[in-house]
Amino acid sequence: MHVAVQRAWYEDFGAEVVCVSGSTVEMRVLQPPSDREAASKLAYDQFVYTGGDLVDQAFGTLNNLTSVLIDAPVWYFWWD
């Protein structure tokens, strides 16, 4: 699953994995979403990718995550 998701985000946003550990992934993003519609779809995809942790443990709502993703040059994910 990780490779398929990361390949799609590379194609759509120029996202590249820069760090991987046992429970984290950090990505550099060369072309982050610049509008709310694209960021909202991405927020949902990231919510699903992390099993909800990204929203439940960090941003509180998909709307908050959407706001953070607009023009964000780095994405960080973790799994408990």
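A quick note: this is a predicted structure, and the numbers were derived from the prediction, not measured.
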Visitor: Excluding sequence neighbours, so at least two apart, what forms side-chain hydrogen bond (donor to acceptor under 3.5 Å, both in side chains) with Asp80?
Guide: Gln57
Visitor: Please list, chain by chain and in numerical order, all residues satisfying side chain to side chain contact (heavy atoms under 4.5 Å, CB included) with Ala72, sequence neighbours excluded.
Guide: Trp75
Visitor: Is there a continuous path of hydrophobic side-chain contacts, each under 4.5 Å between heavy atoms, that joins Leu62 to Phe13?
Guide: yes
Visitor: Rounded to the nearest 0.5 Å, what separates atom CG in Leu54 from atom CG in Asp45?
Guide: 12.0 Å
Visitor: If the condition is side-chain hydrogen bond (donor to acceptor under 3.5 Å, both in side chains), which residues does Gln6 pass it with, not counting sequence neighbours?
Guide: Tyr49
Visitor: Can you see which heavy atom on Asn64 is nearest to which on Phe59, and at what distance?
Guide: ND2-O, 2.8 Å
Visitor: Test of understanding: with side chain to side chain contact (heavy atoms under 4.5 Å, CB included), list the residues that count as partners of Thr66, not counting sequence neighbours.
Guide: Arg36, Ala39, Ser40, Ala43
Visitor: Once salt bridge (Lys or Arg N to Asp or Glu O under 4.0 Å) is applied, what residue pairs with a partner in residues 1-12 remain, sequence neighbours excluded?
Guide: none
Visitor: Measure across Ala15 and Met27 and return the closest heavy-atom pair with its distance rounded to 0.1 Å.
Guide: CB-CE, 3.7 Å
Visitor: Distance-only criterion, 3.5 Å: show the donor-acceptor pairs between side-chain atoms of residues 17-26 and protein atoms not counting sequence neighbours.
Guide:
| residue | atom | partner | partner atom | Å |
| --- | --- | --- | --- | --- |
| Ser21 | OG | Thr24 | N | 3.3 |
| Ser21 | OG | Thr24 | OG1 | 2.5 |

Visitor: Per the salt bridge (Lys or Arg N to Asp or Glu O under 4.0 Å) rule, what does the pair list look like for residues 52-74, sequence neighbours excluded?
Guide: none
Visitor: For Arg28, check salt bridge (charged side-chain N to carboxylate O under 4.0 Å, His left out) against everything at least two apart and list the hits.
Guide: Glu16
Visitor: Same cluster for Trp79 and Val5 if Ile/Leu/Val/Met/Phe/Trp/Tyr side chains link at under 4.5 Å?
Guide: yes
Visitor: Is there side-chain contact between Trp9 and Leu42, with heavy atoms separated by less than 4.5 Å?
Guide: yes
Visitor: List the residues meeting side chain to side chain contact (heavy atoms under 4.5 Å, CB included) with Ala38, not counting sequence neighbours, and say none if there are none.
Guide: Pro33, Asp35
Visitor: Above 12 or not: heavy atoms from other molecules or residues under 6.0 Å from CZ of Phe47?
Guide: yes
